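To start, the structure under review is shown below, and the notes come after it.
Side chains included, hydrogens not; waters and symmetry mates left out as well; all remaining heavy atoms used. This is a predicted model, so every value here is computed, not measured. Residue numbering restarts at 1 for every chain, and letters A, B, ... go by the order of the sequence lines.
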Protein chains: 2
Amino acid sequence: MDKLDQTDKTILRILQTDSKKTAKEIASMLNLTPSPVYERIRRLENQGFIKKYVAILDKKRIERSVTAICQVSMRYHDETFIDEFEEQIQDLKEVQECYHMAGQVDFILKIHVKSLEEYHEFVRYKLSKIKNIGVLNSTFVIKEIKHSSEYYI
Amino acid sequence: MDKLDQTDKTILRILQTDSKKTAKEIASMLNLTPSPVYERIRRLENQGFIKKYVAILDKKRIERSVTAICQVSMRYHDETFIDEFEEQIQDLKEVQECYHMAGQVDFILKIHVKSLEEYHEFVRYKLSKIKNIGVLNSTFVIKEIKHSSEYYI
DNA sequence: GATGAAAAGTTGATAGC
DNA sequence: GCTATCAACTTTTCATC
């Protein structure tokens with residue numbers, strides 16, 4: 001009930017690249033009728049393999065051209081400080097990703113802003129207002145080589 | 001023709017969180033009829049604001065639980081070496097994101113694998129086979145604080 | 001730009017193999 | 001787990017305001 005067969009995997013691969021493909025289209029790619037494809041997709045959703053369906057926007061088109069990677073280390077590593085940091089990061093709309101890391105650096109953040117000026121304001125008025133940040137090291141993306149929401153299956 | 005009004009922005013915000021919402025549902029959220037919503041979505045697609053629609057999978061469910069951030073510096077910075085690196089990275093299915101950075105580190109990669117053992121094999125048999133890599137520094141995600149495909153609009 | 005209606009296509013359910 | 005069929009709903013188009 002929780003195992004994926006080859007048909008399931010193919011369906012997931014297709015939906016990861018284009019979720020607007022209809023059950024009918026997928027069915028014809030797999031030499032099936034739409035019904036089993038439809039049922040499998042429903043099952044993959046219910047069993048939690050598919051979390052959601054989203055539109056991917058072009059960041060250049062919506063003025064989020066600057067991508068920064070920001071590495072943060074905390075001054076103290078009390079549980080409370082860490083929890084507080086995590087909570088406050090959730091509310092920062094410029095932060096698209098944030099990971100708690102093993103190693104020297106505590107957190108890695110991916111940030112999207114309109115310009116370097118906006119990044120400066122983000123760091124000055126939002127990020128550095130969070131308590132207990134020790135080291136804060138920002139680098140900027142000069143070219144996006146690969147950026148995908150797909151996982152290899 | 002290329003400017004977004006408030007209605008466009010609301011539609012984009014909705015589609016970024018749930019692209020399965022029908023034109024009818026969005027219309028009722030905006031106190032409109034489905035037709036103008038439908039036309040706006042078509043326009044947002046044609047003008048390149050919406051790049052694509054995808055299904056987001058649960059990485060734990062499909063055995064890609066380990067996320068690594070790998071920072072790579074090149075030995076030499078010739079154009080040919082850089083181009084070659086970028087090309088070869090495209091073909092590595094474990095690499096979900098790769099950015100060419102300004103600063104000390106040349107590239108930052110986000111990698112998804114099943115286990116640390118698989119990561120070891122990835123580095124040993126795939127990544128380190130790419131020519132001209134000088135420094136290679138891997139860290140692992142111990143907790144995902146935030147991970148979204150949405151941009152703030 | 002929006003409404004409203006109508007044609008074409010998809011979804012989702014059900015019966016049967 | 002599949003095919004075939006069908007009603008309900010959505011998408012898509014278009015005349016009209």
Side-chain angles (χ1 to χ4, degrees), chain A residues 1-64 148-153, chain B residues 1-64 148-153:
Chain A
M1 178 176 167
D2 273 330
K3 261 297 202 189
L4 298 173
D5 65 12
Q6 278 311 311
T7 307
D8 291 329
K9 288 184 185 177
T10 308
I11 291 171
L12 288 177
R13 260 180 236 121
I14 293 167
L15 292 176
Q16 277 198 108
T17 65
D18 180 8
S19 62
K20 287 284 158 171
K21 283 247 184 319
T22 62
K24 197 183 166 189
E25 286 175 296
I26 297 171
S28 83
M29 291 164 100
L30 293 166
N31 292 316
L32 280 170
T33 50
S35 302
V37 173
Y38 169 78
E39 277 161 20
R40 278 166 184 269
I41 293 173
R42 216 33 23 115
R43 202 192 71 234
L44 292 166
E45 288 165 6
N46 293 336
Q47 293 182 351
F49 290 101
I50 297 171
K51 279 205 293 193
K52 51 174 179 165
Y53 297 94
V54 302
I56 303 290
L57 308 190
D58 185 336
K59 61 174 171 295
K60 281 173 196 147
R61 220 68 183 74
I62 53 162
E63 306 208 294
R64 298 270 122 191
S148 160
S149 55
E150 290 167 45
Y151 298 106
Y152 172 71
I153 311 170
Chain B
M1 177 176 166
D2 272 331
K3 260 296 201 191
L4 298 173
D5 65 13
Q6 278 311 312
T7 308
D8 291 329
K9 287 183 184 177
T10 308
I11 292 172
L12 288 178
R13 259 181 236 119
I14 294 166
L15 292 177
Q16 276 198 109
T17 64
D18 180 7
S19 62
K20 286 284 159 170
K21 282 246 184 318
T22 63
K24 198 183 165 189
E25 286 175 297
I26 297 171
S28 82
M29 292 164 102
L30 294 166
N31 293 315
L32 279 171
T33 50
S35 303
V37 173
Y38 170 76
E39 278 161 19
R40 278 166 184 270
I41 294 173
R42 224 15 40 107
R43 201 193 71 233
L44 292 166
E45 288 166 7
N46 292 336
Q47 292 182 353
F49 290 100
I50 298 169
K51 280 205 291 192
K52 51 174 178 165
Y53 298 94
V54 303
I56 303 291
L57 307 191
D58 186 336
K59 61 175 172 294
K60 280 172 196 148
R61 221 70 181 72
I62 52 162
E63 306 206 294
R64 300 268 120 191
S148 159
S149 56
E150 291 167 44
Y151 299 107
Y152 172 71
I153 310 171

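Counting non-hydrogen atoms of neighbouring residues, nucleotides and ligands closer than 6.0 angstrom, the NZ atom of K20(B) exceeds 12 such neighbours. Heavy-atom contacts from other residues, nucleotides or ligands closer than 6.0 Å to NZ of K59(B) number more than 12.
D58(B) meets the salt bridge (Lys or Arg N to Asp or Glu O under 4.0 Å) test with no other residue; sequence neighbours excluded. Taking R40(A) as the reference, D5(A), D8(A) meet the side-chain hydrogen bond (donor to acceptor under 3.5 Å, both in side chains) condition, with sequence neighbours excluded. Scored by the salt bridge (Lys or Arg N to Asp or Glu O under 4.0 Å) test, E63(A) finds K114(A) as partners (sequence neighbours excluded). Listed by chain and residue number, E150(B) satisfy the salt bridge (Lys or Arg N to Asp or Glu O under 4.0 Å) test with K52(A) (two or more places apart in sequence, or in another chain).
Think of the region where chain A sits on DNA chain C: with heavy atoms and a 4.0 Å cut, that region ends 5' and 3' at dT10(C) to dA13(C).
Using a 4.0 Å cutoff on non-hydrogen atoms, the parts of residues 17-39 of chain A near DNA chain C are T22(A), A23(A), K24(A), S35(A), Y38(A), ordered by number.
One atom, CD1 of I41(B), and another, C1' of dT11(D), lie 11 Å apart when rounded to the nearest Å.
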### Query
Would E45(A) and R42(A) satisfy salt bridge (charged side-chain N to carboxylate O under 4.0 Å, His left out), going step by step from the backbone distance to the final call?
CA-CA 5 Å; E45(A) 288 165 6; R42(A) 216 33 23 115; 3.1 Å; yes
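For the OP1/OP2 pair of dG1(D) and a distance below 4.0 Å, the side-chain nitrogens and oxygens of R40(A) include no atom meeting the criterion.
Cation-pi geometry between R61(A) and F49(B) is satisfied (NZ or CZ under 6.0 Å from the ring centre, within 45° of the ring normal).
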